[in-house]
Participant: 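Take this structure, written in structure tokens, and hold onto it; I'll ask about it next.
Just so we're clear, the structure is a prediction, and the values are computed from it rather than from any experiment.
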Amino acid sequence: PEFNNNVAQMPFWAWATYMLYRALNDGRVRYWTALGLALGLGLLCKYSTAMLAVAMLIYTAVVLRHRPVWKTTGPYIAGLVATLVFLPNLVWLVENRFIALGYAQSRAGVSVGVFGGFLGGSNLAAAQAIDHVPALAIAGASGALRPAIGGNLTEKQREDFRFLLFMGLGPPALTLVAALVSGLGLRSMWGAPMWNFSGLIILLGAASYQREISLKRLSSLAALVFACGLCGYALAVKVVPDLRGQPSRLSWPASRIAQTFAMAYRDRTGRSLQIVGGDDVRAGVSAMRAPNRPSVFSQNRFTTAPWITP
């Protein structure tokens with residue numbers, strides 16, 4: 001896939017969740033501090049990290065064993081650190097009339113009525129379910145797809161399993177509810193960072209059946225699916241677009257495009273390129289690889305590029 005905000009969130013979601021786990025089980029300030037740092041950086045990647053933060057708040061509020069944590073300084077330290085990390089972006093948002101949220105709304109689209117919101121959420125859920133088919137097929141064929149409740153898990157393992165389930169299913173559930181209430185549409189790619197723990201959930205659920213799992217079959221199937229994924233990616237990004245004579249934008253010679261564009265501008269004006277206007281992809285590529293990194297006049301509209309002044 002393209003390296004974008006959805007991909008960039010992934011390590012911060014995993015890091016934040018692990019830090020919450022350590023903080024709840026250890027209580028050390030350093031884990032709460034790291035949790036706040038991870039959430040703050042995740043929010044800088046994409047605001048949807050807020051769904052993970054809300055899921056964490058709900059978890060610590062509804063699980064009786066963890067409610068006393070709110071009587072300690074830990075959660076407040078995490079909140080303070082996250083706020084400080086995110087604060088510069090929040091100030092920028094306010095100064096620019098929350099333009100980024102408007103962009104997200106334009107990308108998401110608007111669902112009409114309750115049924116429209118339900119349909120948008122259903123499309124997201126269906127896309128994420130399809131993405132899980134290879135992993136579930138591998139687990140099922142190797143004997144790793146077992147119900148954790150029916151196994152001989154220790155109480156600690158059961159608690160860890162519930163924690164993973166909540167962190168894994170809580171954010172997408174909250175996202176679906178938010179879309180239904182607000183009427184905003186959803187794009188399937190937005191669910192990418194929400195499934196970091198799918199593999200862990202499957203493995204922990206099968207922990208009490210580990211002797212019955214065929215590791216040879218598991219590794220063979222995983223290697224096969226990985227190879228098929230690479231071949232499919234090559235076909236979709238390189239082979240098929242080349243046969244059609246329309247190279248995928250992932251294969252564009254970005255440096256050559258930027259240099260050619262910058263040189264053409266210099267030849268005509270005698271000056272270096274300062275601003276590149278156009279759609280996000282073409283203008284972005286031309287600016288990103290240009291020698292002096294000019295600013296991008298996104299979509300040639302001042303409303304979407306507040307850093308450009310008339």
Side-chain angles (χ1 to χ4, degrees), residues 5-6 8-25 31-87 89-90 93-94 98 100-101 103-105 107-108 111 117-118 120-122 124-125 128 159-198 200-201:
N5 306 68
N6 301 304
Q9 288 181 93
M10 291 182 177
F12 297 111
W13 279 56
W15 182 23
T17 303
Y18 180 57
M19 287 301 98
L20 175 64
Y21 176 80
R22 294 300 301 269
L24 292 176
N25 287 277
Y31 294 130
W32 289 109
T33 303
L35 170 61
L37 180 60
L39 288 175
L41 292 174
L43 285 168
L44 290 179
C45 288
K46 196 166 185 178
Y47 303 148
S48 56
T49 300
M51 292 300 178
L52 177 63
V54 173
M56 291 178 171
L57 287 173
I58 295 175
Y59 179 79
T60 53
V62 300
V63 178
L64 294 178
R65 178 174 175 269
H66 297 309
R67 284 184 185 175
V69 79
W70 290 101
K71 297 179 181 180
T72 69
T73 59
Y76 307 102
I77 291 175
L80 177 62
V81 172
T83 301
L84 291 175
V85 172
F86 182 63
L87 186 60
N89 188 269
L90 180 60
L93 268 178
V94 174
F98 298 92
L101 299 182
Y103 170 78
Q105 182 177 356
R107 289 275 291 167
S111 301
F118 177 78
S122 299
L124 176 68
Q128 305 310 311
E159 184 178 336
D160 290 347
F161 186 75
R162 288 191 291 267
F163 174 81
L164 280 175
L165 276 179
F166 203 99
M167 293 301 109
L169 300 180
L174 288 170
T175 301
L176 293 176
V177 171
L180 184 61
V181 172
S182 66
L184 289 177
L186 294 171
R187 298 176 68 90
S188 59
M189 68 182 74
W190 292 355
M194 300 182 182
W195 306 105
N196 275 347
F197 314 112
S198 298
L200 287 176
I201 291 172

Participant: Checking Arg22 now: which residues fulfil salt bridge (charged side-chain N to carboxylate O under 4.0 Å, His left out) with it, not counting sequence neighbours?
Facilitator: none
Participant: Is a side-chain donor-acceptor pair under 3.5 Å present for Tyr21 with Asp160?
Facilitator: yes
Participant: Tell me the side chain to side chain donor-acceptor pair (under 3.5 Å) pairs involving residues 162-172, sequence neighbours left out?
Facilitator: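 As it turns out, the side chain to side chain donor-acceptor pair (under 3.5 Å) pairs with a partner in residues 162-172, which skip direct neighbours, are Glu155-Arg162.
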Participant: Nearest 0.5 Å, please: how far is CD1 in Ile201 from CG in Leu169?
Facilitator: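 Going from the CG atom of Leu169 to the CD1 atom of Ile201 covers 5.5 Å.
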Participant: With sequence neighbours excluded, tell me which residues meet ring-ring contact (aromatic ring centres under 6.0 Å, His included) with Trp15.
Facilitator: none
Participant: If you take all heavy atoms of Met56 and Leu20, which pair is closest and at what distance?
Facilitator: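 Looking at all heavy atoms of both residues, the closest pair is CG-CD2, 3.4 Å.
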Participant: Show me the donor-acceptor pairs within less than 3.5 Å that the side chains of residues 76-86 make with the rest of the protein, sequence neighbours left out.
Facilitator:
| from | atom 1 | to | atom 2 | distance (Å) |
| --- | --- | --- | --- | --- |
| Tyr76 | OH | Trp70 | O | 2.9 |
| Thr83 | OG1 | Gly79 | O | 2.7 |

Participant: Can you find a heavy atom in the side chain of Phe163 that is under 4.5 Å from one in the side chain of Thr17?
Facilitator: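 Result yes, sub-4.5 Å side-chain heavy-atom pair found.
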Participant: Supply the atom-to-atom distance Leu52 CG to Met167 CE, rounded to the nearest 0.5 angstrom.
Facilitator: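 Here the interatomic distance stands at 7.0 Å.
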Participant: What pair of heavy atoms forms the shortest contact from Gly168 to Trp195, and how long is it?
Facilitator: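 Closest approach of Gly168 to Trp195, heavy atoms only: O-CZ3, 3.9 Å.
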Participant: Taking the side chain as C-beta and beyond, is there a heavy-atom pair between Leu24 and Tyr59 under 4.5 Å?
Facilitator: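 Counting from C-beta outward, Leu24 and Tyr59 do come under 4.5 Å.
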Participant: Taking all heavy atoms of Met19 and all of Ala34, pick out the closest pair and write down the distance.
Facilitator: SD-CB, 3.4 Å
Participant: May I ask you to decide if Val69's main-chain N or O and Thr72's side chain share a donor-acceptor pair within less than 3.5 Å?
Facilitator: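 Between the backbone of Val69 and the side chain of Thr72 there is a qualifying donor-acceptor contact (under 3.5 Å).
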Participant: Check ring-ring contact (aromatic ring centres under 6.0 Å, His included) between Phe197 and all other residues, then give those that pass, not counting sequence neighbours.
Facilitator: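 Phe197: no ring-ring contact (aromatic ring centres under 6.0 Å, His included) contacts found.
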Participant: Cut-off 3.5 Å, no hydrogens considered: what does the side-chain donor-acceptor table look like for residues 39-51, sequence neighbours left out?
Facilitator:
| from | atom 1 | to | atom 2 | distance (Å) |
| --- | --- | --- | --- | --- |
| Lys46 | NZ | Asn6 | OD1 | 2.6 |
| Tyr47 | OH | Asn89 | OD1 | 2.7 |
| Ser48 | OG | Gln9 | OE1 | 3.0 |
| Thr49 | OG1 | Gln9 | OE1 | 3.3 |
| Thr49 | OG1 | Trp13 | NE1 | 3.3 |
| Thr49 | OG1 | Gly42 | O | 2.9 |
| Thr49 | OG1 | Lys46 | O | 3.1 |

Participant: Begin with the C-alpha distance, continue with both residues' side-chain angles, and end with the deciding distance and a verdict on side-chain contact (heavy atoms from CB on, under 4.5 Å) for Leu164 and Phe161.
Facilitator: CA-CA 5 Å; Leu164 280 175; Phe161 186 75; 5.7 Å; no
